[in-house]
Amino acid sequence: MKITYYGHACFLLETMDNKILFDPFISPNVLAKEIDVDAIEADYILLSHGHEDHVADAESIARRTGATIVAAFEITTWYGQKGIEALWPMNLGGQKQFSFGLVKFVNAVHSSVLPDGTYGGNPGGFVIENEEGCIYFAGDTALSKDMELIRDRFQLDWAILPIGDNFTMGVDDAIQACNLIGCDRVLGMHYDTFPYIEIDKDAAEMSFKKAKKELVLLEIGAERQLN
Ligand code: NI
Ligand code: MN
C-alpha cells in the first residue's frame, strides 16, 4: 500500500492496482496550491461525509476519471441527481468486497450536510482490508468507544486520524483512539488548514512519542509506503 497526502483529509491510497482517493478538498485549500487537481487519477473516491472540506473536488474528479464515488446513501443520491452514474451507496455498519479489498463503513461521531444544504446522512469512516494491509480512515470524528469494535474485528496496520481538535478529535483523543482501535501507527489529518484547527506539530509528535506511538505528518504532495 502506498499513500499520497493532498492536504487536509485528502489521501490517495494505491493498493491492489487500484487508486482510492479519500475526501478530496484540494482546489479551495491554499496549503495545497501546488497540487494539480486535474492530474489526480482515481478508480474510487471514498467520501466520509458531506462537508465541503471533504467533497469539494469530488464531482470534477469523478467526471474526469469515471471513478466510482463510495459514500453514504444520501451522498451518492445527491451525486446521482447531478448526473454522475458511477456510484456505490453504503450505510453505517455495512461492508462490501471491492476489487481492491474489503470496505467497511464504520461509525463516526460528527455531522454531515452537503454544500448546498442537502442532508448528508450519517458521517462515517472506512476500514480497508486486503492482502497488502489493513487501514482505517476515520473521517471527521470525535473519540468514541465504538472504535473498540474495529479492534475486535480488524488488525490495523495504520490509522488515519484527525488531530486538529475543535471540529474533531485532537491529539490527546487521537492517542486514546489508538488504544481503542489497537493501532499505534497514525497518519495525522484535518489540522492546520484553517485557523480553527492550527496545531503545534512538534508538540503533537512529542505527545505521540511519549505515549509510545508513531505520528506521521506528511508534507502535502508527499507519499509514503505503508507497511
Ligand atoms: Ni466535517
Ligand atoms: Mn472536516
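Residue indices begin at 1 and follow the sequence shown. For ligands, and for the atoms within them, numbers begin at 1 and follow the listed sequence. Computation of the quantities below employed the complete heavy-atom set of this structure, encompassing side-chain atoms and omitting hydrogens, waters and symmetry-equivalent molecules.
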Problem set entry | Any N, O or S atom of His8 closer than 2.8 Å to the Mn ion (ligand 2) | no
Exercise. Do Asp23 and His8 touch side chain to side chain, with heavy atoms closer than 4.5 Å?
Worked result: no
For this session: Output yes if His110 passes the N/O/S-under-2.8 Å test against the Ni ion (ligand 1); output no otherwise.
Result: yes
Exercise. Is the distance from the Ni ion (ligand 1) to some N, O or S atom of Asp140 under 2.8 Å?
Worked result: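 Coordinating: yes.
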Would you mind checking if [Y] and [X] are paired as a salt bridge, meaning a charged N to carboxylate O distance below 4.0 Å?
X      : Y      : value
Glu223 : Lys2   : yes
Lys201 : Glu205 : no
Arg224 : Glu214 : yes

For this session: Have a look at Asp140 and say which of its N, O or S atoms is nearest the Mn ion (ligand 2).
Result: OD2
Exercise. Is Arg63 atom CZ crowded by more than 12 heavy atoms from other residues, nucleotides or ligands, each under 6.0 Å away?
Worked result: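 More than 12 within 6.0 Å, yes.
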Exercise. Tell me, which N, O or S atom in His51 is closest to the Ni ion (ligand 1)?
Worked result: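 Closest N, O or S atom of His51 to the Ni ion (ligand 1): ND1.
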For this session: To 10°, measure the NE2(His190)-the Mn ion (ligand 2)-OD2(Asp53) angle for me.
Result: 90°
